Amino acid sequence: MTPATGTPTLRGAAVGRGIGIGLMYGLWKPRVLGAWRVPASGPVILAVNHSHNIDGPMLMGTAPRPVHFLIKKEAFVGPLDPFLRGIGQLKVDRTSADRTAITHALDVLQNGGVLGIFPEGTRGEGDFASLRAGLAYFAVRSGAPIVPVAVLGSTERRGRLISALPPLRSRVDVVFGDAFETGDGSGRRTRKALDEATVRIQERLTSHLDRARRFTGR
C-alpha cells in the first residue's frame, strides 16, 4: 500500500506473485494454458471462477503479471491482514457498496495494473451461473478488457494429509481465455447498461469455461 492513498502497489503484488509461484508450483502441478492471451501491459481484469480457496493463490502464482485481488474482508484477520495488504490485495465488504475498495480497485486499473475478481462473489460451484454487477461496473467504468480464467481440478479430490486441500502434487489446470471488452460503445453506466453488460459477460465467461472443460477433459 502507498502510505498516502492506501492504494495497493505493483511492488507488493509482485512480491505476492513470487510467493504464489513458490507455493503453488511447490505443492501442486499447475498446467497453465493460454497465458499469452493476457495483455502484456495496460489495465486488465481477470475474471476467475471460484470453487476452492486455492483458486486465488493459484492464479496469483500462474498469471503472467502480478494480480491485485478483491478479497472478502473476513479473510483479513490477525497476521493475515498486514500480510494481504503488503502483497497488494484489496479488502472488500461484500455486504455494502464499499467505496474504499471500489476506489482502490479503479486506481489499480488506472495505474495500468491487473485486477482479479471472482465475479460470482463467493465460493460455489465455480460455473459462473450467478454473476454480480461489480465486474461489469469495473469493466465499463475503467474501459479495461476482461480475460476469463478457468481454474479446474481444485475440487476433484481431497488430500490425504489435509482434506481441505487438493492432493499434494496433483494437477490443477489454469486456462486463460481471449480478452474482450464489455461496453456497448455508449459509455453509459446506468443500471440498465450494467445489467446488459453483466449478461454479455456471463455469456463470454460461461462459453470459456465450457471450452476449457472440453479441452482439459475436466
Side-chain angles (χ1 to χ4, degrees), residues 1-28 30 32 35 38 41-124 126 132 134-135 137-138 141-142 144 147 149 151 154-155 159 161-166 168 172 174:
M1 295 282 187
T2 58
T5 65
T7 302
T9 64
L10 176 60
R11 181 177 180 181
V15 171
R17 179 171 181 261
I19 294 173
I21 291 173
L23 286 177
M24 296 303 106
Y25 283 92
L27 296 175
W28 294 285
V32 183
V38 178
S41 62
V44 63
I45 300 172
L46 300 183
V48 195
N49 66 321
H50 193 24
S51 57
H52 197 285
N53 284 331
I54 74 161
D55 295 340
M58 183 61 68
L59 185 61
M60 289 176 63
T62 57
R65 295 171 58 188
V67 182
H68 303 269
F69 258 106
L70 279 167
I71 301 174
K72 62 183 181 180
K73 69 175 185 178
E74 290 82 0
F76 289 73
V77 294
L80 277 178
D81 188 351
F83 171 73
L84 290 173
R85 291 174 183 272
I87 61 172
Q89 307 310 296
L90 300 92
K91 178 170 67 173
V92 60
D93 184 348
R94 298 177 301 172
T95 63
S96 63
D98 189 334
R99 305 303 303 179
T100 299
I102 291 171
T103 298
H104 288 167
L106 290 173
D107 285 345
V108 165
L109 295 171
Q110 185 175 5
N111 293 333
V114 180
L115 182 66
I117 296 181
F118 296 117
E120 296 160 289
T122 186
R123 183 161 46 92
R132 297 190 175 189
L135 173 56
Y137 175 81
F138 288 122
R141 175 76 182 271
S142 68
V147 172
V149 187
V151 179
S154 57
T155 60
L161 296 177
I162 305 176
S163 62
L165 297 176
L168 298 180
V172 177
V174 183

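From a predicted model like this one, the values you see are computed outputs, not experimental measurements. Residue numbers count from 1 along this sequence.
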Rounded to the nearest 0.5 Å, how far does [atom2] of [Y] lie from [atom1] of [X]?
{"X": "Arg17", "Y": "Leu10", "atom1": "CZ", "atom2": "CG", "answer": "10.5 Å"}
{"X": "Arg65", "Y": "Met60", "atom1": "CZ", "atom2": "CE", "answer": "14.5 Å"}
{"X": "Arg85", "Y": "Leu90", "atom1": "CZ", "atom2": "CG", "answer": "9.5 Å"}
{"X": "Arg94", "Y": "Leu70", "atom1": "CZ", "atom2": "CG", "answer": "11.5 Å"}

Original post:
What residue among Val67, Val32, Val151, Ile21 forms side-chain contact (heavy atoms from CB on, under 4.5 Å) with Thr62?
Top reply: Val32
Where the side chain of [X] meets the backbone of [Y], is there a donor-acceptor pair that is under 3.5 Å apart?
{"X": "Trp28", "Y": "Val172", "result": "no"}
{"X": "His50", "Y": "His52", "result": "yes"}
{"X": "Gln89", "Y": "Pro8", "result": "no"}

Checking [X] now: which residues fulfil side-chain contact (heavy atoms from CB on, under 4.5 Å) with it, not counting sequence neighbours?
{"X": "Thr100", "answer": "Asp98, His104"}
{"X": "Phe83", "answer": "Ile19, Leu80, Ile87"}
{"X": "Pro64", "answer": "Ala35, Val38, Phe176"}

Subject >> Set of residues satisfying ring-ring contact (aromatic ring centres under 6.0 Å, His included) with respect to Phe69, sequence neighbours excluded >> reply: Phe118
Subject >> Partner set under side chain to side chain donor-acceptor pair (under 3.5 Å) for Asn111, not counting sequence neighbours >> reply: none
Subject >> Results of side chain to side chain donor-acceptor pair (under 3.5 Å) for Arg141 - residues two or more places apart only >> reply: Tyr137
Subject >> Considering all heavy atoms, the nearest Ser154-Ser51 contact >> reply: OG-OG, 3.7 Å
In the structure I gave you, are the side-chain heavy atoms of [X] and [Y] within less than 4.5 Å of one another anywhere?
{"X": "Asp55", "Y": "Asn49", "result": "no"}
{"X": "Pro57", "Y": "Leu23", "result": "no"}
{"X": "Lys91", "Y": "Leu84", "result": "no"}

Give every donor-acceptor pair under 3.5 Å between a side-chain atom in residues 41-48 and any protein atom, sequence neighbours left out.
none

